[in-house]
Amino acid sequence: MTADAVRAEGLVKRYGGRWRAAMAGPALDGLELRVPEGGITGLLGPNGAGKTTAVRLLLGLARPTAGAATVLGHDVGRDSLAVRRQVAFVPEERAVFGWMRTGDFIRRVARVVPRWDAAVASRLARRWEIGGAARLRTLSAGTRSRVLLLVALARRAPLLLLDEPTTGLDPAAVDDALAELATAAADGATVLLVTHRLEEVERICDRVAVISGGRAVLQGDLDDLRAAWRMIDVAGHPAPDRLATWDEVADVSARGEATRLLVRAAPDAVLARLRMLGAEVTAVRPLSLREIYLAATGADDDAARGDLA
């Protein structure tokens, strides 16, 4: 059985005093999350779902109100320093060490990490045209992303935790960055990719997890999720409310005599039960990742437009 590079169990995080927490609700509300060792896991979720809070807790940069988490076998509460030594982190906030010159920043990281790969750093600096003289705060968003990705990849860390790592990159640069992440995973690293870009998840991720309302509402191997989820249209069934009680059914909508089901598991078994009830199955099709995401988070397409690319 594959070990977990990341495991969160019942993570709760509330900010502010009791009154503020009661009004706003928890940022995390019992998060259960698994990231197996090896491969690339995409972490998706609406804005404000708790993704950044989860990242901060996994790195030991904040303490949970309740629950526990381990990263590479280390308890993040008791041994956060060991966690950060083994995790290459690209933060969503790019304004880090803005006063430093790019070359000084890269050399500083190289001096303090145990497995720095100078050949990787040199190769990426040439390919991505990263000079050493400019101060980080003067760089474009895309160039800052390249610098942080260079540092993360050259660390040769067993876990790469990347929060929106392709921000500001043009399509060709995104392709190149994703290829480098895929190579790192093929070489044995575990990659946790926090992103709102579904296309990136579909291209390189083996596994996906979706957070909504501070909880993981969906997680699993991408191929398994695609195989399980179906949209099923039926006619002639008089009780769509009954269908909504089935464990395998994520959503039911009815229009006249037609009923549409979003099925999240065991589609063949659901089809057999529908036919036993006398329903006429008029159409069956697999769901796209976008449709699966919308069904899992309970959002409509317009609401998700700002969350997904």
Side-chain angles (χ1 to χ4, degrees), residues 1-15 26-46 48-92 114-115 152 155-165 181-182 184-195 200-201 204-225 228 264-265 292-293 296-297:
M1 180 179 293
T2 302
D4 291 331
V6 174
R7 180 182 286 270
E9 298 178 321
L11 279 185
V12 176
K13 181 62 179 178
R14 297 185 178 91
Y15 289 105
L28 292 180
D29 189 20
L31 176 66
E32 303 280 339
L33 179 66
R34 283 187 58 242
V35 178
E37 285 185 352
I40 306 177
T41 296
L43 183 61
L44 295 165
K51 301 188 299 296
T52 297
T53 298
V55 167
R56 288 180 56 80
L57 266 59
L58 292 175
L59 290 169
L61 300 176
R63 298 186 67 84
T65 306
T70 58
V71 173
L72 300 172
H74 300 285
D75 184 286
V76 298
R78 293 194 300 266
D79 208 356
S80 61
L81 183 58
V83 169
R84 290 194 290 274
R85 283 174 176 160
Q86 296 187 68
V87 176
F89 175 47
V90 171
E92 183 181 22
R115 298 198 294 180
R155 285 189 60 176
R156 291 290 191 186
L159 174 63
L160 281 68
L161 204 171
L162 313 173
D163 198 348
E164 303 291 353
L181 297 181
D187 288 342
T190 302
V191 180
L192 178 56
L193 175 64
V194 184
T195 182
E200 294 181 4
V201 173
I204 67 168
C205 290
D206 313 293
R207 184 176 173 86
V208 66
V210 178
I211 296 179
S212 182
R215 291 175 173 266
V217 295
L218 181 74
Q219 54 185 317
D221 291 345
L222 199 49
D223 288 342
D224 292 344
L225 293 173
R264 59 180 159 233
I292 294 172
Y293 171 91
T297 60

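Given the structure is predicted, the values throughout are model-derived calculations rather than measurements. Keep in mind that the numbers below use all heavy atoms, side chains included, and drop hydrogens, waters and symmetry copies.
Taken from CG in Leu159 to CD in Glu37, the straight-line distance is 9.5 Å, to the nearest 0.5 Å. With values rounded to the nearest 0.5 angstrom, Leu160 atom CG is found 11.5 Å from Phe89 atom CZ. Taken from CG in Asp79 to CG in Leu72, the straight-line distance is 11.0 Å, to the nearest 0.5 Å. Atom OG1 of Thr53 is separated from atom CG of Leu61 by 11.5 Å, given to the nearest 0.5 angstrom. Atom CZ in Arg215 sits 13.5 Å away from atom CG in Leu33 (nearest 0.5 Å).
Using a 4.5 Å cut-off on side-chain heavy atoms (C-beta onward), Arg63 and Ser80 make no contact. Between Glu9 and Glu32 there is a side-chain heavy-atom pair separated by less than 4.5 Å. Under the 4.5 Å side-chain criterion, counting only non-hydrogen atoms from C-beta, Cys205 is in contact with Leu193. Side chains of Tyr293 and Pro46 form a contact here, defined as non-hydrogen atoms less than 4.5 Å apart. Here the side chains of Arg14 and Pro26 are in contact, with some heavy-atom distance below 4.5 Å. Inter-residue side-chain proximity for Leu161 and Val6 is flagged as unmet; no heavy-atom pair is nearer than 4.5 Å.
Salt bridge status for Asp187 with Arg156: present, with a side-chain N to carboxylate O gap under 4.0 Å.
The closest donor-acceptor contact from the side chain of Arg7 to the backbone of Thr70 lies at 3.5 Å or more, if one exists at all. In this structure, Arg207 contributes its side chain and Val35 its backbone to no donor-acceptor pair below 3.5 Å.
Each of Val55, Val90, Ile211 was evaluated against Val194; a single residue qualifies, Val55, per the side-chain contact (heavy atoms from CB on, under 4.5 Å) test.
Shortest non-hydrogen contact noted between Lys51 and Leu44 is CD-C, 3.6 Å. The minimum heavy-atom distance between Thr52 and Glu92, with the atom names listed, is OG1-OE1, 3.5 Å. Of all the heavy atoms in Pro114 and Arg85, the pair that sits closest is CD-O, 4.5 Å. Pairing each heavy atom of Ala189 with each of Ala157, the nearest pair is CB-O, 3.8 Å. The heavy-atom pair separating Leu11 from Pro64 by the smallest distance is CD2-CB, 3.8 Å. Taking every heavy atom of both residues into account, Gly77 and Asp75 meet most closely at N-OD1, 2.8 Å.
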Checklist entry - Does the side-chain contact (heavy atoms from CB on, under 4.5 Å) test come out yes or no for Thr195 and Val201, once each step is laid out? => result CA-CA 8 Å; Thr195 182; Val201 173; 3.6 Å; yes
Next on the checklist: Evaluate Val191 against Ile204 for side-chain contact (heavy atoms from CB on, under 4.5 Å), listing each step before the verdict.
Outcome noted: CA-CA 10 Å; Val191 180; Ile204 67 168; over 6 Å; no
Checklist entry - Could you walk me through whether His74 and Gln86 pass the side-chain contact (heavy atoms from CB on, under 4.5 Å) check? => result CA-CA 10 Å; His74 300 285; Gln86 296 187 68; 2.7 Å; yes
